[in-house]
Amino acid sequence: RMNVRKITTGSQALDGLLGGGIETRTMTEFFGEFGSGKTQLCHQLSVNVQLPPEKGGLSGKAVYIDTEGTFRWERIENMAKALGLDIDNVMNNIYYIRAINTDHQIAIVDDLQELVSKDPSIKLIIVDSVTSHFRAEYPGRENLAVRQQKLNKHLHQLTRLAEVYDIAVIITNQVMARPDMFYGDPTVAVGGHTLYHVPGIRVQLKKSRGNRRIARVVDAPHLPEGEVVFALTEEGIRD
Ligand code: ATP
Ligand code: MG
């Protein structure tokens with residue numbers, strides 16, 4: 001694919017799994033259970049996008065849309081420090097936005113078009129998590145249709161931002177045993193994977209021993225199969 005650029009995750013193993021890192025012009029989903037490392041990866045990537053290209057970044061800025069209130073500037077500080085970056089600079093290059101409900105989350109993404117066209121140094125947009133408000137506001141089978149419709153539109157909008165503005169978009173999704181349970185109707189989804197038709201890369205994260213985590217790419221014919229192990233450390237994502 002033309003002109004796709006990559007952002008390092010901080011782990012060579014995970015970068016290898018992703019074909020070099022997180023791609024621009026693409027929406028990448030990290031899904032997995034609580035504590036599997038989704039939010040830590042989001043923090044790390046919002047720092048790493050700022051690295052120069054020779055160090056695996058894009059000398060870019062990040063937009064961090066936080067729906068769960070789990071963003072911590074202190075983690076950004078630790079990660080920036082570990083990379084020898086100027087902490088104030090790194091913090092200034094992250095647009096932090098707290099989304100309080102689905103309408104707000106959707107409105108924020110509506111407004112991003114203006115922000116990213118004004119500031120072409122924005123190279124990363126994160127929505128952590130993309131599903132939590134939708135899940136809370138449209139629970140259960142009875143709300144499935146409207147939930148899917150609203151979420152699909154939101155995801156398409158994010159994908160379009162990625163493609164038009166050469167931005168890496170990252171979404172997270174807390175999923176327990178089966179990744180299909182939320183997006184799709186569980187009765188239809190068995191073996192059917194996602195029911196939303198959004199191009200992109202889906203990465204499943206799983207807990208392993210201690211600070212070790214396992215990553216696996218699903219449904220990506222252009223990427224190697226298999227799993228890799230990485231670590232969540234005080235300094236950030238590492239091998
Ligand atoms: P959820 O679905 O609940 O949002 P998540 O996938 O976002 O979960 P994270 O918050 O990314 O999970 O991961 C939490 C884990 O990150 C902790 O259990 C711990 O192992 C690790 N972690 C968090 N902060 C630090 C730190 N300062 N030093 C080392 N490891 C940390
Ligand atoms: Mg999280």
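Whatever order the structure lists ligands and atoms in, that order sets their numbers, starting from 1. We use all heavy atoms of the structure for the numbers below, so side chains are in, but hydrogens, waters and symmetry mates are not. All of these numbers come straight from a predicted model, not from anything done at the bench.
- At a cut-off of 3.5 Å, with distance as the only test, no side-chain donor of Asn101 or Glu137 sits close to an acceptor on the other residue.
- If you check the side chains of Glu235 and Asn78, you find no donor sitting under 3.5 Å from an acceptor.
- Residue Gly32 places every heavy atom at 4.0 Å or more from ligand 1.
- Tyr95 has its ring centre no less than 6.0 Å from the ring centre of Tyr64.
- The shell of residues lying under 4.0 angstrom from ligand 1, judged by heavy atoms, includes Leu232.
- Atoms of ligand 1 found under 4.0 Å from any heavy atom of Glu68, numbered from 1 in the order shown, are 4 (O).
- The closest protein non-hydrogen atom to atom 14 (C) of ligand 1 is Gly35 CA, 4.0 Å.
- The OG1 atom of Thr102 lies 10.0 Å from the CG atom of Leu151; values are rounded to the nearest 0.5 Å.
- Lys123 pairs by the side chain to side chain donor-acceptor pair (under 3.5 Å) definition with nothing, not counting sequence neighbours.
- Heavy-atom distances between Glu33 and ligand 1 reach below 4.0 Å in at least one pair.
- In this structure, Arg213 counts as a contact residue of ligand 1, since one of its heavy atoms falls inside 4.0 Å of the ligand.
- Residue contact annotation: Asn211 has no non-hydrogen atom under 4.0 Å from ligand 1.
- Residue contact annotation: Arg72 has no non-hydrogen atom under 4.0 Å from ligand 1.
- At least one side-chain heavy atom of Val127 sits less than 4.5 Å from a side-chain heavy atom of Gln105.
- Among the atoms of Asn78, none of the N or O lies under 3.5 angstrom from an N or O of ligand 1.
- If you look at the Mg ion (ligand 2), the protein N, O or S atoms less than 2.8 Å from it are Thr39 OG1.
- When only non-hydrogen protein atoms are considered, atom 7 (O) of ligand 1 lies nearest to Thr39 OG1, 2.8 Å.
- For atom 2 (O) of ligand 1, the candidate residues are Lys38, Gln40, Gln44; the nearest heavy-atom contact is made by Lys38.
- At a 4.0 Å cut-off, at least one heavy atom of Arg75 sits close enough to ligand 1 to count as contact.
- Asp239 and Gln12 are not linked by any side-chain donor-acceptor pair at a separation below 3.5 angstrom, with hydrogens and angles left out of the test.
- With hydrogens and angles left out, the side-chain atoms of Tyr138 and Gln148 include no donor and acceptor closer than 3.5 Å.
- A heavy-atom distance below 4.5 Å is not found between the side chains of Ile65 and Asp128.
- Note: an N/O pair closer than 3.5 Å links Gly37 and ligand 1 by distance alone.
- Residue Gln174 approaches ligand 1 through these ligand atoms, each under 4.0 Å from one of its heavy atoms: 1 (P), 2 (O), 3 (O).
- Counting heavy atoms from C-beta outward, Met91 and Tyr96 have side chains that stay 4.5 Å or more apart.
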TODO: Determine, stepwise, if the pair Val130 / Thr172 fulfils side chain to side chain contact (heavy atoms under 4.5 Å, CB included).
DONE: CA-CA 6 Å; Val130 81; Thr172 71; over 6 Å; no
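- The shortest distance between side-chain heavy atoms of Ile214 and Leu205 does not fall below 4.5 Å.
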